[in-house]
Amino acid sequence: MAIAERDATGRTGAAGASEGAQPPSRAARGSRRKRLRRDLALLALMAPGLVYFLVFQYGAMAGNVIAFKDYVPFDGLWASQWVGLQNFHAILVDSAFWHAVVNTLWIALLQLVFYFPVPLALALLLHSLTRTSVQRLVQSVVYLPHFLSWVIVVAVFQQVLGDSGLLNSVLGDAHLHTVDIIGNPTVFKPLVVAQVIWKDTGWGTIIFLAALAQVDEQQYEAAAIDGAGPWRRFWHVTLPAIRPVMVLLLIMRLGDILSVGFEQMLLQRASVGPEAAEIIDTLVWQRGLVEGDYGYAAAAGLFKGVVGAVLVYAANKVAHRLGEQGVYR
């Protein structure tokens, strides 16, 4: 009866609805305050990281305005003259820029083909080891090079493969022809890929090992009972389980494809020359910090960032079309 009366008046129902909406609003505000008090310690822990990203990552992006100016340090960031897209036109007609782009893409492609599968293969090998002590020992040994700086890594390679290195000493003692691998521009690109493999393969296995640890052992047992051998267990159990992680890492790698190691290239640029070792990052350093052409350097850096963002967006879309989760939805 009461329901019928409220329906007949109309306004009563609307008023009742509005009156009924206020208490949940107060409850929601109270709930937010409770959640804020409950998570206050976690928010305090997050604050330094948030401040770091706001100041040094997002705040620093404002400096990209230099790409649209004839930047003069004595005039300051805002007093320098606007030049529109002139700096972008300068990099697009500069043969040195496109030479650096080609070098960067070649090295990135070689790293994608030869480096990307190596951590996965090593993770599968470590995962197949039955003795935990051996597995931990191998993991510790292969992790170590990641903690060395590029200065030490390049020095180690020079001591082994340089003109007066260990390899040539052995070849000289055996009265054989010596080779200078470090200073040879024709083998520079495979050399830098080998350095990346030696330095970061162990570190790259961490995510794959974590993904392999999540695979249900019962699936392997069921596949073995059905007569599946090691290869078929890998193809039908292991690979589908770690495929989302592989796609995720591949997309993230594509976003960073134009960053192939500034320190690594800069340390070896003098020994092989800019023709072999010039990449976008070293060109930005040369034109910006050495020659003082800040607008050109900022335009080249912004070009690299935009290309990386487009590649991540496109690869994520392709992953969604193929039924994968990707990096984001």
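Quantities reported herein were computed from a predicted structural model and do not represent experimental measurements.
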A side-chain contact here means heavy atoms from C-beta on lying under 4.5 Å apart; do [X] and [Y] qualify?
X	Y	answer
W98	D94	no
H236	R232	yes
V312	L254	no
I107	Q111	yes
L85	F68	yes
L167	L171	yes

Test item: [X] side-chain N/O and [Y] main-chain N/O as donor-acceptor pair under 3.5 Å:
X	Y	value
H99	E278	no
Q219	V215	no
D180	G183	yes
K69	W78	yes
S80	V72	yes
D226	A228	no
T205	G202	yes
N87	A299	no
K199	V153	no
Y115	D200	yes

In this structure, which one of R33, K34, R35 forms a side chain to side chain donor-acceptor pair (under 3.5 Å) with S31?
R35
Among residues at least two apart in sequence or on other chains, which ones pass ring-ring contact (aromatic ring centres under 6.0 Å, His included) with W106?
none
Tell me yes or no: between the side chains of R136 and S140, is some donor less than 3.5 Å from an acceptor?
no
Smallest heavy-atom separation, V237 atom then A223 atom, equals CG2-CB, 4.2 Å
Identify the heavy atoms of I91 and F88 that sit nearest to each other, and give their distance.
CG1-O, 3.1 Å
Fit a plane to each ring of Y220 and H127, take the angle between them on a 0 to 90° scale, and name the class: parallel (under 30°), tilted (30 to 60°) or perpendicular (over 60°).
tilted
Which label fits F208 and F116: parallel for a plane angle under 30°, tilted from 30 to 60°, or perpendicular past 60°?
perpendicular
Checking R287 against Y296: charged group under 6.0 Å from the ring centre and within 45 degrees of the axis?
yes
Working for side-chain contact (heavy atoms from CB on, under 4.5 Å), residues W198 and H146:
CA-CA 8 Å; W198 183 75; H146 174 76; over 6 Å; no
Trace of the side chain to side chain donor-acceptor pair (under 3.5 Å) decision for Q195 with Q268
CA-CA 12 Å; Q195 291 170 346; Q268 302 175 92; 3.0 Å; yes
Evaluate side-chain contact (heavy atoms from CB on, under 4.5 Å) for L112 paired with L250, printing each intermediate quantity in order.
CA-CA 9 Å; L112 197 64; L250 183 60; 3.8 Å; yes
Intermediate values then yes/no, side-chain contact (heavy atoms from CB on, under 4.5 Å), L161 and L191:
CA-CA 10 Å; L161 303 176; L191 175 67; 4.0 Å; yes
Show your working on side-chain contact (heavy atoms from CB on, under 4.5 Å) between F157 and I181 and close with a plain yes or no.
CA-CA 9 Å; F157 271 77; I181 298 176; over 6 Å; no
Hydrophobic clusters here meaning ILVMFWY residues chained together by side-chain heavy-atom distances under 4.5 Å, can you tell me if L248 and I251 are in one?
yes
Could you state whether V101 and L283 fall into the same hydrophobic cluster, counting links through intermediate Ile, Leu, Val, Met, Phe, Trp or Tyr residues with side-chain heavy atoms under 4.5 angstrom apart?
yes
So CD1 of I242 and CG of L249: to nearest 0.5 Å the spacing works out to 10.0 Å
